[in-house]
Amino acid sequence: MRILIIEDERRLAHVVKKGLIEDGFAVDLAYDGEDGMFMAETEPYDLIILDIMLPKLDGVAICRRLRQKKHNIPVIMLTAKSNVEDKVTGLDSGADDYLTKPFSFLELKSRIHALIRRSRGESSPVLKIADLTVDPIKHTVNRNKHHIKLTPKEFAILEFLMRHKDEVVSRTMLIEHVWDYNFEGLSNVVDVFVAALRKKIDGKATFKLIHTLHGVGYKISKSV
Ligand code: CA
């Protein structure tokens, strides 16, 4: 899943970015409101972490504009003060959740997971299909009760496929949601990662879950 952080406190932005990358997210940064607004409108993010006090365009204005343009992407707002008014303004502008600075990274992470889950209409925090279980919070994968070890990128691809199970996922979708803005590879990079992932998920299993739809993309499903 891919996250945009719009935050002018660069140190904080970098710390959060580093933590989220370690957690398997693809992350882009914007340091002012105008850049942030532009990126939010042009790239398909799965969630935005939005500071309120920003140069050029503030977080409340960004959120209002996104909602006016019918962008329903989940937004977590960061407020500098624990001021009730700030929270209310933030939520009224269309934010889904807020955190007061300073916040704990663990809390941010758990709210991100909850919000992504809610936005996808998923009731359980654990993703399941047939005998495969993927836990995005604990970062664990099990198939037929065997633990499977994945690299962060393989995990991110699997998580995205699981959140779109029984749907066709194109290479472009994977590039846009699993890699960040600086991705410069060729789309066959995706094929290489999926091949490695498939070997680990389906290699020893009695039936395949990851299917290739030639010229279209991939699908995780009990049947093709
Ligand atoms: Ca700020």
Side-chain angles (χ1 to χ4, degrees), residues 1-31 35-36 39-51 59 62-63 66 71-78 95-99 101 103-122 124-127 133-141 148-165 169-185 189-190 193-194 196-197 218 220:
M1 307 309 265
R2 186 170 167 201
I3 294 178
L4 172 64
I5 303 172
I6 312 177
E7 167 63 86
D8 60 323
E9 285 169 53
R10 293 186 182 226
R11 242 188 86 203
L12 174 65
H14 281 277
V15 169
V16 173
K17 176 179 178 174
K18 192 167 167 275
L20 291 176
I21 287 174
E22 283 167 10
D23 209 39
F25 290 99
V27 183
D28 291 322
L29 294 181
Y31 300 122
D35 279 354
M39 289 167 80
E41 286 195 296
T42 50
E43 296 289 319
Y45 294 101
D46 297 294
L47 183 138
I48 298 175
I49 298 170
L50 180 60
D51 187 29
I62 290 173
C63 200
L66 286 172
H71 286 281
N72 53 7
I73 176 166
V75 172
I76 298 180
M77 237 174 212
L78 303 178
D96 301 279
D97 202 354
Y98 62 84
L99 267 179
K101 291 179 189 174
F103 53 83
S104 88
F105 182 71
L106 274 179
E107 185 176 6
L108 174 65
K109 218 171 78 170
S110 92
R111 287 180 189 231
I112 288 171
H113 282 290
L115 210 46
I116 287 178
R117 197 159 71 224
R118 219 196 299 160
S119 74
R120 306 266 337 144
E122 296 157 354
S124 162
V126 178
L127 307 165
T133 317
V134 177
D135 187 330
I137 298 167
K138 291 183 190 149
H139 258 247
T140 53
V141 179
I148 298 170
K149 210 169 153 31
L150 300 181
T151 66
K153 220 37 138 195
E154 289 165 357
F155 188 93
I157 292 170
L158 180 63
E159 181 186 350
F160 192 79
L161 290 173
M162 289 293 273
R163 292 196 190 273
H164 294 81
K165 67 178 173 189
V169 172
S170 68
R171 286 176 183 79
T172 308
M173 280 169 81
L174 284 174
I175 290 169
E176 286 178 342
H177 291 271
V178 174
W179 277 271
D180 64 26
Y181 201 73
N182 299 313
F183 176 79
E184 280 176 353
V189 168
V190 177
F193 276 99
V194 174
L197 174 65
Y218 306 99
I220 198 155

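As a basis for the values below, the full set of heavy atoms in this structure was taken, side chains included, without hydrogen atoms, waters or symmetry mates.
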Nearest heavy atoms of Met39 and Leu29, plus distance in Å: CE-O, 3.8 Å
Any donor-acceptor pair under 3.5 Å from Glu107 side chain to Ser104 backbone: no
Evaluation steps, side chain to side chain contact (heavy atoms under 4.5 Å, CB included), between Val141 and Glu154: CA-CA 11 Å; Val141 179; Glu154 289 165 357; over 6 Å; no
Between NE2 on residue His177 and NE2 on residue His164, distance to nearest 0.5 Å: 6.5 Å
Separation between CE of Met77 and CD1 of Ile49, rounded to the nearest 0.5 Å: 12.5 Å
Distance, nearest 0.5 Å, that separates NZ of Lys149 from OG1 of Thr140: 12.0 Å
Ion pair Arg120/Asp46, N-O distance below 4.0 Å: no
Salt bridge (charged side-chain N to carboxylate O under 4.0 Å, His left out) involving Arg117 - partner list, sequence neighbours excluded: none
side-chain contact (heavy atoms from CB on, under 4.5 Å) partner of Ile112, the single match among Leu47, Ile137, Asp97: Leu47
OH (Tyr98) with more than 12 external heavy atoms under 6.0 Å: no
Separation between CD1 of Ile48 and CG of Asp28, rounded to the nearest 0.5 Å: 11.0 Å
Ala40 versus Leu4, closest heavy-atom pair with distance: N-CD2, 3.7 Å
Crowding at CZ, Phe103 (>12 non-hydrogen neighbours, <6.0 Å): yes
Rounded distance [0.5 Å steps], CD1 in Ile116 versus CG in Asp96: 11.5 Å
Residue pair Leu20 / Phe105: nearest heavy atoms and the distance that separates them: N-CZ, 3.6 Å
Under 3.5 Å: donor-acceptor pair, side chain of Glu7, backbone of Glu9: yes
Validation row, ring centre His113 to ring centre Phe25 under 6.0 Å: yes
Closest contact, heavy atoms only, Leu115 versus Pro74: CG-CB, 3.8 Å
Atom pair CD1/CD1 of Ile62 and Ile6 - distance to nearest 0.5 Å: 4.5 Å
Closest non-hydrogen atom pair between Trp179 and Ala26, with its separation: C-CB, 3.7 Å
Derivation and outcome, side chain to side chain contact (heavy atoms under 4.5 Å, CB included), residues Leu66 and Glu41: CA-CA 8 Å; Leu66 286 172; Glu41 286 195 296; 4.3 Å; yes
Side-chain donor or acceptor of Arg2 paired with backbone N/O of Pro44 under 3.5 Å: no
For Val27 against Asp180, the heavy-atom pair lying closest together: O-CB, 3.6 Å
From CA spacing to verdict: side chain to side chain contact (heavy atoms under 4.5 Å, CB included), Tyr218, Val190: CA-CA 10 Å; Tyr218 306 99; Val190 177; 4.1 Å; yes
